[in-house]
Structures are given as structure tokens and as C-alpha cells.
Amino acid sequence: MNLFAEIRGLVLDALSGMVADGALPPDLDIAVVSVEPPRDPGHGDMATNAAMALAKPARMAPRALAEALAPRLAADHRVETAEVAGPGFINLRLASSVWRNAVRAALEAGPLFGRSEMGAGRRVNVEFVSANPTGPLHVGHTRGAVFGDALAALLRFAGWEVTREYYVNDGGAQVDVLARSAYLRYREARGEAVEIPAGLYPGDYLKPVGEALSEQFGDDLMDLPEESWLPDVREFAVERMMDAIRADLDLLGVRMDRFFSERALYDTGLIEAALKRLDEAGLIHVGVLEPPKGKTPEDWEPRPQTLFRSTAYGDDIDRPLKKSDGQWTYFAPDIAYHFDKIERGYDLLIDVFGADHGGYVKRMKAAVAALSAERTPLDIKLIQLVRLFKDGEPYKMSKRAGSFVTLRDVIEEVGPDVTRFVMLMRKNDAPLDFDFRKATEQSKDNPVFYVQYAHARVASMLRLGAEAGVATEDRALAAADLSLLAHPAQLALAKKVAEWPRQVEQAAASFEPHRVAFFLNDVASAFHALYNLGRDEPALRVVQPDDPAGTAARLALARAVSVVIAAGLGILGVTPAEQM
RNA sequence: GCACCGGUAGCUCAGCUGGAUAGAGCACCAGACUACGAAUCUGGGGGUCAGGGGUUCGAAUCCUCUCCGGUGCGCCA
């Protein structure tokens, strides 16, 4: 239950009351009325802009409207004071029982505290990673994987039904290159001295694939022409690469619900079906594209091409569907793939792309709009690049893959929890600096430990409380006499707990899991502050063996904090620590 | 040339989708462990929100122009 939404309901009721009394004209647009925490806590617990937002349509002065509205709000038992301030804000101070109830609600709901029904069971497909099956995942993929996974978890927590999906690009020229590279490693495994020519994949990670091919086929492939061995080797190598990728994702704690094969699209006729749909809508034509201004490719020559009229849906130019040799461009199967997602009946599609695919956004949105008759929204989240550092120096080389740092390199060095949390501390569309040294140091430069420490501290208190003879199960703590929580610092912390459901909804509504990470930092900070107050004011110490009732109440508050932290870390995919 | 993303404290970044005096961490300065876990806390200095113009009760947030950085721009995915 989102307390802010609840109080907003109270404001709206009060406004309706004023309409009924003739104090306000009917048909006001109440969508603009908001209830938010004021920036300055000194102003109260919540503030509403209702008077200012409605002043003009109601043809009243903002402050006059506020003066009329405030007493109606103050009449509610949850509201202690309602004061008009500034240009027409109404600042609300809520009864402390409201905050105590939030603590109790957290204990009763446990891991489900903060869950929202906002998604209302609607179905969303989150496609992420989707790296080419030609090698191990690198750091860039890692960020996309972490983001997509956390976004999926967040939406699920907010009441969506979520599918995590990976599109396997196993149909293009790049997997033929993979097959040729693997074939050379195969010859190498058969005892031949090989050199990997430019244009093929040189990484050592293909050596085991070559050896496995050697084991499976013996000398059978040695004297065959390429067209004979290529399909088998390709399938073999792609499977091996996908196994490796799945293992990499597993290290990160990412599990996909579905891997969707591009190659399968060719066999099922789905590409033709999708393009037929576009053709029937008059969105396919043959035309000649203008060369890009300012940077004309040297071998540019005007050429008639089969084009998708993406300009009809806001793209800058129409996009080619066929190469000059008659093959599909990569765009054509991608259209078909999204057509399939639409046909599967999702209410929302989300694609997580690397920022280098930013130029692809408009055409993909155009395709989905056209194929779904603008019924299926597509949101595309771009993930900016990760810059790796070690002791402040740029860090590029990998022991394993040579030219790039792999996901496995990162996980082995800093572990999944730190990797995930650090990568989720940034907005997806801002570049991210990742310093290996800081991440491994486990110092205060490392925000993960700050949050985990708070969680571990609560666990420690619960252990001490139990030793002192206090029942520390959530159910028992929920029954404690919470009216013993009266100190402003305690109530301030309870307010943080009460904010969690709202934070979930806001993060989910904007598809921004990083907000969860920032909020957890906030909660941890408020908790640590209260804890340290106990040094100067012994009455605030949580565990006091000579005061079982008070200890139970304070433990209830502490446990509510750890409930929120555990729930938030659960969304981020980070382990909440019991001890450190 | 065009498109997309970014520009907020010395550094790294938030800023609740238009609200009140713009925040946090790091760094720097001064403090708090015989005390429930000091991986913590308290206090302090530090800003032309890249710049100009506009929209309105009110702009870091929306519109527009300029500057700077990143990414992309038919037959790579």
C-alpha cells in the first residue's frame, strides 16, 4: 500500500467535497494534483500542490483555495496538521501512528512489502543481452545483463508478468565466420599448424571448440569443401558458444526464460509473414536512398532497394530489407522477431540495447508500431558503455579473450554482488566508470558494503535480542507495542520504511532500477544515523535487556529496515548479508 | 550534414517526470570507539545546474538556438 497514493486519495475526496458544497466548480482536471514528500523535511511529511494546480481553472487565488482545503484535510484522523505555505502548498504532518503502522505492515508482509499491483498482471517482454553467439560476454554485455535482469525483477515486483528473453543472432554472416574460425581450430587440434587470418575470430576460447570437433568428427572434415562442413560446424560452434554464454550469465545470476533463435525465423516463414503484413499496409516499396550527407561511403552508388517505409512512423529515412545479393538484411529477421513477440500478445515490449545501437531505435519502433497497428508499445533502453579502470588507469586487456575484458574476468575478480550493485548505481543512459581496485577493496568507496552492513547490523541486533529473551520472529515483532517508538529519529526512520512502496512504483513506472539502489543507500544512511545516536543517548539503543517491551518495539523498526533492504537487494539481484 | 544520448560542487553522480533555500558519496578540514558491529556517525567549507532566448504563479526539469563530449548514419549484427 502506497501511503502517498492513499493521502492523495484523501485530497481528492476533500476536493470532491468542496465541489459538492459549491465551493469549487465541477469538472476540474485532478490529474495534476500530486502528493509528494517536501524537499525540506521541516515543511512536514507530505505536501500537495492541489491549490496551485487548480487555482486557475477554479478561478481562485491559490492561497484562498488552500485555506479552504486545508481544514478539510486536517479533519482526517491520519492528519495531524495541514498548513498553507509559500505560494499555496499545503503541508501535511501525519500522525505518528501512521508511521508505526507502516513498520507493522513491513513486518507482516515480509519479502512482499512494497509489492505493487501497478502492473495489474499485464504481460511484458524484456529482451536483453542478445549478444552474438561468437564469443564470451564482455563488460558491455555485463551491464546490459544486469540492467535487464534488475528491470525485469522490478517490473515483476510491481505486478507485471515478465518474460526475460534473449535473441540469438545465429542466422547472419557472423556465425559463418565463427564456423570458419572454429574449423581452423579443428585442423589445429588435428595436428596442423594454423594461423588465424584477419577477419576471423582469433580468441583462444575457440580452441576447446576445435578440440571437441576433433573428438566428435575425427578426420572426417579434413578433406571436405567448405560448403559440406560449414552447416555442421556452425551449429556445433553456436551451441558451444551459447553454452558458454549461459554459463557466464549464470555467474551473474541471470536466468533467461527463453532463447529465441534467429535461424528459426528462416525456417518458419515468419519473415515473409511479417513483411507481407507490412506490404498489405502499403509500407514496402522499392526506392533509391540518398547517400548520407557529410560522410559518403567511397563505394557509394545509387541502387534501387526493397525498403520499409519507416518514415511513416517517424523514422528519418526508409530502411532497406534486402541486400544487393538478394539476402535479407539483419533488419528483416528482427522485424519478424518483433512480429512474433507482438503475436504472443504482450502488453509491452522492452528492448535493452547497447548505446552503439542507438541508431536502430527509430526503425524498430516504427516496425512495431506498424505491425501492431500501434497497439503494442515498445520501449528501448540504451545502455551506455562501461569504462574500466584499475587504480585510476584505463584497463583493457583480458587474459582470456585478448582484446576485451570478459564478464568472467570481472566476476572472478570482484564477484557478482559488487558487479551488479555498482552497475546499478548509474542511470542506464549515463556512461559508467568501473574501477577494479575500488570494487575489490571492500572499503567505503564501495557502496554495496554500506547497504549490506546495515542489513548485517540488523541481523546482529536480532541475535542479541534473542539472547536477551525477546521473541524476534517477524510475527512476534509485529505484535510489539510500537507506541514506544516516539523519538523523532525513530519516526524519521519509520518514514523511510513507509516510502518504499512509492519508490518501487516510481522506479517501475520509469523503468529505472537505479532508483532502488539509491533509495537503499538512503535507508541504510538513516539507519546508521539512528544507530549512532544510541552512543550518546542510551535510551535509543535497540537491544536493552532490562527493557524487553522497548527492545521489541525498536527491533521491530530495525527489522522493518532490513525487510526493505532485503526486498530492494532482491530486485537488484544482490545477496543481503547476515554477517560480514 | 542529420539523428540519438549526455553536460549539475575539485572528482564520480542523484535530483521524485514543473514545485519551496539544488543534494549524496569521494576528496579536504574539525570531531565521536571502556559504548547494541567505527565497513559507522556528527559538523564545516565548496554551485553562473555548459551558454543565450522563450513558455508560467514557479524551470536543473518543458520548447528553441548555440557550444562541448559520446554513439550511429545502404549491401555488419
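Just so we're on the same page: letters track the sequence lines, and every chain starts at 1.
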Under 4.0 Å between any heavy atoms, over every strand shown, what does [X] touch: base, sugar-phosphate, or nothing? Just pick one.
| X | answer |
| --- | --- |
| A:Pro538 | nothing |
| A:Val542 | base |
| A:Arg303 | base |
| A:Asn428 | nothing |
| A:Pro320 | sugar-phosphate |
| A:Gln452 | nothing |

Among [options], which is the nearest nucleotide to the side chain of [X]?
| X | options | result |
| --- | --- | --- |
| A:Asp429 | B:C16, B:G6, B:G15 | B:G6 |
| A:Arg541 | B:C36, B:C4, B:C75 | B:C36 |
| A:Lys427 | B:A3, B:A14, B:G70 | B:A14 |
| A:Met580 | B:A39, B:A38, B:G74 | B:A39 |
| A:Tyr531 | B:A77, B:A35, B:A38 | B:A38 |
| A:His514 | B:A38, B:A77, B:A14 | B:A14 |
| A:Arg515 | B:C41, B:G72, B:C16 | B:C16 |
| A:Lys56 | B:C75, B:U40, B:C57 | B:C57 |

What is the pairing partner of [N], taking Watson-Crick or G-U wobble pairs with both distances under 3.5 Å in any strand?
| N | answer |
| --- | --- |
| B:U56 | none |
| B:A24 | B:U12 |
| B:C2 | B:G72 |
| B:G37 | none |
| B:A30 | B:U42 |

Base of [N] paired with side chain of [X] (donor-acceptor, under 3.5 Å):
| X | N | result |
| --- | --- | --- |
| A:Asp433 | B:U12 | no |
| A:Tyr453 | B:A39 | no |
| A:Arg535 | B:C36 | no |
| A:Asp522 | B:A14 | no |

(message) Less than 4.0 angstrom from a charged side-chain N to a carboxylate O is my criterion; do A:Asp433 and A:Arg387 meet it?
(response) yes

(request) Taking only Lys NZ, Arg NE, NH1 and NH2, and the carboxylate oxygens of Asp or Glu, determine whether A:Glu127 and A:Lys341 approach each other closer than 4.0 Å. (result)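 Judged by the 4.0 Å cut-off on N to carboxylate O distance, A:Glu127 and A:Lys341 do form a salt bridge.
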
Could you measure between the two [atom1] atoms, the one in [N] and the one in [M], and give it in whole Å?
| N | M | atom1 | value |
| --- | --- | --- | --- |
| B:G19 | B:U12 | P | 27 Å |
| B:U66 | B:G72 | C1' | 23 Å |
| B:C4 | B:G47 | C1' | 29 Å |
| B:U8 | B:C13 | C1' | 9 Å |
| B:A20 | B:A27 | P | 30 Å |
| B:G46 | B:A38 | P | 32 Å |
| B:C68 | B:A59 | P | 29 Å |

(message) With the 90 degree cut-off around zero defining syn, does B:C33 come out syn or anti?
(response)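 Here B:C33 takes the syn form, which means its glycosidic angle is within 90° of 0.
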
(request) Just label B:U61 as syn or anti from its O4'-C1'-N9-C4 or O4'-C1'-N1-C2 angle, using within 90° of 0 for syn. (result) anti

Under 3.5 Å, is there a donor-acceptor pair between the [X] and [Y] side chains?
| X | Y | value |
| --- | --- | --- |
| A:Asn428 | A:Glu512 | no |
| A:Tyr167 | A:Asp351 | no |
| A:Arg559 | A:Ser562 | yes |
| A:Gln174 | A:Tyr330 | no |

(request) Measure the distance between the ring centre of A:His43 and the centre of the six-membered base ring of B:A20, then answer whether it is under 5.5 Å with planes under 30°. (result) yes

(message) Going by centres under 5.5 angstrom and planes under 30 degrees, do the aromatic ring of A:Phe89 and the base ring of B:A20 stack?
(response) yes

In whole angstroms, how far is the [atom2] atom of [N] from the [atom1] atom of [X]?
| X | N | atom1 | atom2 | value |
| --- | --- | --- | --- | --- |
| A:Gln384 | B:C13 | CD | P | 11 Å |
| A:Asp536 | B:A32 | CG | P | 11 Å |
| A:Leu385 | B:G6 | CG | C1' | 11 Å |
| A:Lys362 | B:C2 | NZ | P | 13 Å |
| A:His528 | B:G37 | NE2 | P | 13 Å |
| A:Arg426 | B:G6 | CZ | P | 15 Å |
| A:Leu530 | B:U40 | CG | C1' | 13 Å |
| A:Phe519 | B:G23 | CZ | C1' | 16 Å |

(request) Would you check if the distance from the ring center of A:Tyr450 to the ring center of A:His528 is below 6.0 Å? (result)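 So the answer is yes for these two rings.
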
(message) By nearest heavy atom, map A:Met52 and A:Arg387 onto RNA chain B; which one lands nearer the 5' end?
(response) A:Arg387

(message) Tell me if a side-chain donor or acceptor on A:Ser181 pairs with a main-chain N or O of A:Val177 at a distance below 3.5 Å.
(response)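 Confirmed, A:Ser181 side chain pairs with A:Val177 backbone.
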
(request) May I ask you to test the A:His487-A:Glu537 pair for a side-chain heavy-atom distance under 4.5 Å? (result) yes

